[in-house]
Each structure stands twice: as C-alpha cells, then as structure tokens.
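Atoms within each ligand, like the ligands themselves, are counted from 1 in listed order.
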Amino acid sequence: MLLPLHSSSPVFRPEPLIDDEFLEKLRRRDALLSAIVDSSDDAIVSKDLNGYITSWNKSAERLFGYTADQAIGRTVAELIIPADRQDEEVDILSRLRRGERVDHFETVRKCRDGRLIDLSLTISPVRDPSGKIIGASKIARDISERKLAEGRLRRSEERFRQLAEVGPQFVWLSGPRGELEFVNQRWVDFSGLDLEATNDPSKLRLHIHPEDRLLEHWERCLATGTPFELEARLRGKDGEFRWFMMRSVPVRDDKGQVWRWFGTSTDIHENKILQLELQKANKDLEQFAYSASHDLQEPLRTMKIYSQLLSMKYRPQLGGEAAEFLDYVTSAANRMEMLVRDLFAYIQLPQEGIPSEPIDPQEPLASALADLAGAIAQSGARVTFDSLPPVRMQRTHLKQLFQNLIGNGIKYCSTERVPAVHVSCEPDGSMLVFTVSDNGIGIENQYKEQIFGLFTRLHSSEAYSGTGIGLAICQRIVDRYHGRIWVDSEPGRGSCFRFAVPA
Ligand code: ADP
C-alpha cells in the first residue's frame with residue numbers, strides 16, 4: 001500500500017474522469033492518512049527505487065534533524081547512511097526491486113548533527129495499481145535506549161562472569177526450574193562437564209554421591225522456592241569425591257516469582273574429613289565411657305557392700321587405725337559409685353530430638369521436686385516457682401535441668417540462711433529464658449564458665465558432696481536445643497542460673 005506520507009509528499013493523482021465528490025473523499029482520506037503518519041513515534045519515510053526520498057514524516061524530522069523540505073529529493077544514502085554502511089543501501093534497494101521485505105534490520109544511521117543512532121528498519125516495496133514496484137516505505141524505530149540497556153546488561157554480565165571466576169568456588173546460575181544457564185570454569189575444570197553436560201542429568205548423576213540425595217533436596221527447594229543448602233560430595237574428573245558446601249538462593253522478580261537461582265559450591269573437604277573423624281572418635285570414646293562406667297558399677301557395689309559388712313562385723317576387733325582405714329575405703333567406694341552413676345547419666349543423655357509439640361514444664365518440675373524431696377526436707381529449703389509457659393523440650397531433659405539446678409541451689413547454701421530457690425521463665429525474642437535463682441554461696445566471676453565443664457568443682461567433697469558432672473549434663477542438654485546456659489552471681493548472696501531454649 002502506497003501511503004501519501006506527508007503533506008509535501010507527491011499525492012496520488014486521480015484519473016481525469018473522476019467527479020468532485022470523489023476527489024473530495026480522496027483529499028479527506030489523504031489528510032487523515034497524513035495525520036496518522038505524522039503522529040507516529042517512528043520515522044516513516046518513502047523513497048523510489050533509486051533511493052530518492054519521496055516523503056519524510058514529523059518523527060523523521062525529529063529523529064534525523066532534517067525537515068521534510070531538506071530531505072525530500074535527496075538520496076537516503078547521501079543524507080543519513082554513514083560512509084562505512086553505504087553497501088547496505090545497495091543491498092536493500094536490490095532486495096526491494098525483487099519485491100522482498102526487509103524486517104527489523106538493526107543498523108546505525110547518521111543524524112544531521114553527526115550523531116549516530118541505533119535503528120531498527122522495516123522496509124516494504126510499494127507497488128502502483130498495476131502491481132509494479134515503484135518505491136519503498138521505510139519505518140525506522142529508534143532503538144538507542146534498548147541498545148544502551150543491552151550494552152549495560154552485557155557489561156554487567158561480563159562483570160558477573162569475571163567475578164564468578166575469581167574465587168575458589170564453583171558458581172552457577174539457573175532458571176526458575178533449575179535449568180542451568182551458567183557454570184564457571186572452575187566447575188568445568190573440576191568435573192570435566194561443560195554447561196551442556198552439566199544440564200544432562202545422566203551425566204551429572206555420575207558426579208554426585210547417591211547417599212547425599214542432592215538432586216532430591218534441590219528439587220524440593222525448586223518446588224518450594226526455599227534456599228538450598230547442603231553439604232554433599234561431588235566427584236571430580238579424576239574419579240575422586242570431595243565434600244562441598246552447596247548453597248543456592250532464589251532471585252525473585254517484582255511480583256515475587258523466582259526468576260533465577262544463584263548458586264555456589266565451596267570446597268570443605270579437609271574440614272569435613274576432620275569433622276567426620278572427630279565425630280567417629282567421639283562416638284568411640286562415648287562407647288568406651290559407656291562400657292567402662294557400666295562395667296565399673298558391679299565391682300564398685302561389691303566393694304561398697306563388703307567394706308560395709310567388714311565395718312559392721314569386725315569394727316570392734318579392728319579398732320584404731322584399721323577402722324579408720326576401712327572408713328576411707330567405704331567413703332571412696334561411695335564417692336566412686338556416685339561418680340560412675342553421674343558419668344553414666346552424662347553419657348546416656350537421651351538422644352531424642354526437639355519435639356514438635358510443646359509440653360507443660362510444670363510436670364517435669366514436679367517430678368524433679370519429688371526426687372529432691374529428701375534434700376528439701378533435710379535442709380528446710382523453700383522452693384517456689386511462677387507459672388511456666390509451654391516449651392518444646394523433652395520431659396526428661398527439662399526434668400534433669402530442674403533437678404540439677406534446684407538441687408545445687410539447695411546444696412550450695414549459706415550457713416546463715418535457709419535455702420530459698422525460685423524458678424521462673426520469661427520470653428526473649430524467639431527464645432524462652434528459664435531462671436533458677438538461689439540465695440546460696442554464689443560463684444566468683446572467674447569460674448562462671450568453667451563450672452559447666454565436666455568434673456569441674458570449686459569445693460572439696462568434704463565441704464559439699466558432688467561429682468562435678470551435673471552442670472555438664474545441663475550444658476549438654478541445652479546444646480541439643482541450640483540454646484545457651486549461663487550464670488549470674490554475686491558471691492555470698494546467691495546465683496541465678498539461666499538457660500535459653502527456642503520457644
Ligand atoms: P557438683 O554439684 O556435683 O559438684 P555441678 O556440675 O552441678 O557438680 O557443679 C559444678 C560446680 O559449680 C560445683 O562443684 C559448685 O562449685 C559450683 N556450683 C554449682 N551450682 C552452684 C550454686 N547454685 N551455687 C554455688 N556454686 C554452684
């Protein structure tokens with residue numbers, strides 16, 4: 001379709017026999033089409049088959065800086081095509097002569113002030129009523145902004161790629177469904193898999209340790225949009241597995257939809273091997289301590305019973321020094337029995353995890369107080385407590401904490417006061433902080449951390465009986481809940497033992 005593109009462009013001349021009314025209609029159509037063309041944001045230009053400009057709309061004036069009068073009658077080549085792109089026009093004209101269209105041809109054109117602008121050209125041949133090609137209409141869209149944005153994006157991608165190659169990690173980028181779009185050279189060098197091969201599950205599987213369930217874990221994160229974090233083994237091209245800390249975070253668009261996943265894998269092999277060896281050594285040690293403390297109980301009981309029998313039956317005959325020695329044996333056997341029993345409790349700490357439902361702390365508290373009934377009655381201690389909020393802990397664990405802390409509050413009392421122990425609990429952010437306070441002898445500042453270690457005692461057995469294991473058990477329990485235990489104390493006035501566990 002040949003459009004009269006501008007008021008100054010050559011207008012279609014009607015055949016002489018056409019009446020005035022028809023002429024008027026044509027004029028109106030002409031004016032309407034000119035207005036449409038002039039209101040377009042794109043430069044719309046027409047030219048003949050020799051490249052001479054025949055029309056030039058308002059946007060062409062704005063874009064190239066030439067008025068229609070300055071442009072019409074000159075060739076496109078001389079007016080706006082840069083010297084190094086003159087061949088393009090030759091090619092375009094020959095394609096037009098063959099009746100071909102040129103679609104979204106991206107190129108550069110020169111403005112009147114010498115500026116070069118990025119354009120996308122769509123050029124169509126124009127035919128006369130008989131179908132003969134007589135020229136071309138050209139729509140030129142300014143794409144400088146888009147090109148600039150593309151350039152910025154390219155540069156930012158280059159920076160990302162450079163950054164991705166700098167560190168010692170594997171870096172990867174995937175689409176929302178996990179399809180990899182980028183893997184850095186370090187990964188390629190390590191695994192021997194390029195991007196395409198890494199995207200092939202049958203090849204990737206050979207580099208993943210089946211026990212780590214990496215792909216299952218990754219698929220779950222893809223489905224839920226939650227960050228991915230896993231310690232897993234990856235096999236290098238040398239066939240050896242190494243441990244990696246793998247992390248990937250979802251990058252979301254404005255609407256909150258996952259748009260990309262950005263991931264890294266950091267080599268933690270040496271540390272992980274050490275950690276596994278340590279875990280194994282700890283397990284062996286625990287096993288040994290368990291057997292030792294278990295097997296020690298029987299001979300100890302025998303020693304205790306026979307030394308007591310000896311004392312009961314033969315003390316008058318033994319007399320003097322021999323009786324005293326026998327008392328030492330009995331007391332050592334008692335102490336040893338206590339030690340072995342507490343050690344056994346420490347090692348045997350129930351392995352259960354954090355329960356999903358909270359429990360009422362009142363019940364384990366009551367159970368601990370029942371076990372402490374003898375000590376409470378003997379000392380005349382006053383044990384009080386506030387109402388305690390529900391907490392997600394195992395009953396046995398909470399009971400052990402209460403029993404050790406309240407028991408100590410009663411035991412480490414001042415000679416001047418009747419022991420008074422109070423139990424309370426306050427929320428602190430996402431944690432619950434339990435407090436067991438007493439009015440006892442208190443603890444010097446320098447020992448506040450030490451006392452939670454195994455076998456740490458600040459007093460002799462003669463002054464206060466004990467094994468130095470109770471607080472170590474408390475520490476171990478609280479660690480299980482990723483919590484914290486500590487003491488605030490003023491020597492001579494009392495102590496506040498606190499432990500914080502997730503609410
Ligand atoms: P044990 O009481 O069997 O010695 P613990 O591990 O319970 O072992 O306590 C370690 C040490 O911490 C105790 O020997 C004591 O010196 C000190 N201690 C614990 N609780 C208190 C307390 N409430 N007041 C003062 N000292 C305490």
Worksheet item: With a 4.0 Å cut-off on heavy atoms, does Phe497 reach ligand 1?
Response: yes
Worksheet item: Against heavy atoms of Gly468, which atoms of ligand 1 measure under 4.0 Å?
Response: 1 (P), 3 (O), 4 (O), 6 (O), 8 (O)
Worksheet item: Which residue owns the protein heavy atom closest to atom 10 (C) of ligand 1, what's the atom, and how far is it?
Response: Thr456 O, 3.2 Å
Discussion item. Test your reading of the structure: does Ala472 have an N or O sitting under 3.5 Å from an N or O of ligand 1?
Written reply: no
Item to complete: Say whether Gly442, considering both its backbone and side-chain N or O atoms, lies within less than 3.5 Å of an N or O atom on ligand 1.
Response: no
Worksheet item: What residue and atom, counting heavy atoms only, is the protein's closest point to atom 23 (N) of ligand 1, and at what distance?
Response: Asp438 OD2, 2.9 Å
Worksheet item: Would you call the rings of Phe434 and Phe499 parallel, tilted or perpendicular if under 30° counts as parallel and over 60° as perpendicular?
Response: parallel
Worksheet, complete the sentence: Taking only non-hydrogen atoms of Leu458 and a 4.0 Å limit, the atoms of ligand 1 in range are 14 (O), 16 (O)
Item to complete: Heavy-atom contacts with Thr467 under 4.0 Å: which atoms of ligand 1 show up? List them by number with element.
Response: 1 (P), 3 (O), 4 (O)
Worksheet item: Are Asp371 and Lys399 close enough for a salt bridge, meaning some N to O gap below 4.0 Å?
Response: yes
Worksheet entry | Atoms in ligand 1 with a heavy atom of Ile469 nearer than 4.0 Å | 6 (O), 8 (O)
Item to complete: Number the atoms of ligand 1 from 1 as they appear, then name those within less than 4.0 Å of a heavy atom of Arg457, with their elements.
Response: 1 (P), 4 (O), 14 (O)
Worksheet item: If you look at every heavy atom in Ala232 and Met246, which pair is closest and at what distance?
Response: CB-SD, 4.1 Å
Item to complete: Using heavy-atom distances, let me know which of Ile443, Leu454, Asn404 sits nearest atom 27 (C) of ligand 1.
Response: Ile443
Response to the item:
Ile451 heavy atoms within 4.0 Å reach ligand 1 at atoms 10 (C), 12 (O)
Fill in: Closest protein heavy atom (residue, atom, distance) for atom 7 (O) of ligand 1
Asn408 ND2, 2.8 Å
Discussion item. Please determine whether salt bridge (charged side-chain N to carboxylate O under 4.0 Å, His left out) holds for the pair Arg109 and Asp118, giving the CA-CA distance in whole Å, both sets of side-chain angles, and the decisive distance to 0.1 Å.
Written reply: CA-CA 7 Å; Arg109 291 292 179 257; Asp118 290 296; over 6 Å; no
Worksheet entry | Glu357 and Arg392 ion-paired at < 4.0 Å | no
Worksheet entry | Ligand-side contact atoms (ligand 1) for residue partner Ser495, heavy atom cut-off under 4.0 Å | 24 (N)
Fill in: Cationic N near anionic O, under 4.0 Å, Glu277 to Lys272
no
Fill in: Contact check: Ser465 vs ligand 1, nitrogen or oxygen atoms, below 3.5 angstrom
no
Worksheet item: Hey, what's the ring geometry for His217 with Phe228, parallel, tilted or perpendicular (30° and 60° as the breaks)?
Response: tilted
Worksheet entry | Atoms of ligand 1, numbered as shown, that sit under 4.0 Å from any heavy atom of Gly470 | 5 (P), 6 (O), 7 (O), 8 (O)
Fill in: Residues Arg476, Glu286: salt bridge by 4.0 Å N-O rule
yes
Discussion item. Would Arg220 and Trp218 count as a cation-pi pair here, with the cationic atom under 6.0 angstrom from the ring centre and within 45° of the axis?
Written reply: no
Discussion item. Looking at non-hydrogen atoms alone, which of Tyr412, Phe455, Phe452 comes nearest to atom 24 (N) of ligand 1?
Written reply: Tyr412
Discussion item. One thing to verify: whether Arg85 and Glu88 come together as a salt bridge, which I'm taking to mean a side-chain N less than 4.0 angstrom from a carboxylate O.
Written reply: yes
Worksheet item: Does the ring centre of His459 sit less than 6.0 Å away from the ring centre of Tyr412?
Response: yes
Discussion item. Is there a polar contact between ligand 1 and Leu471, counting only N or O atoms under 3.5 Å apart?
Written reply: yes
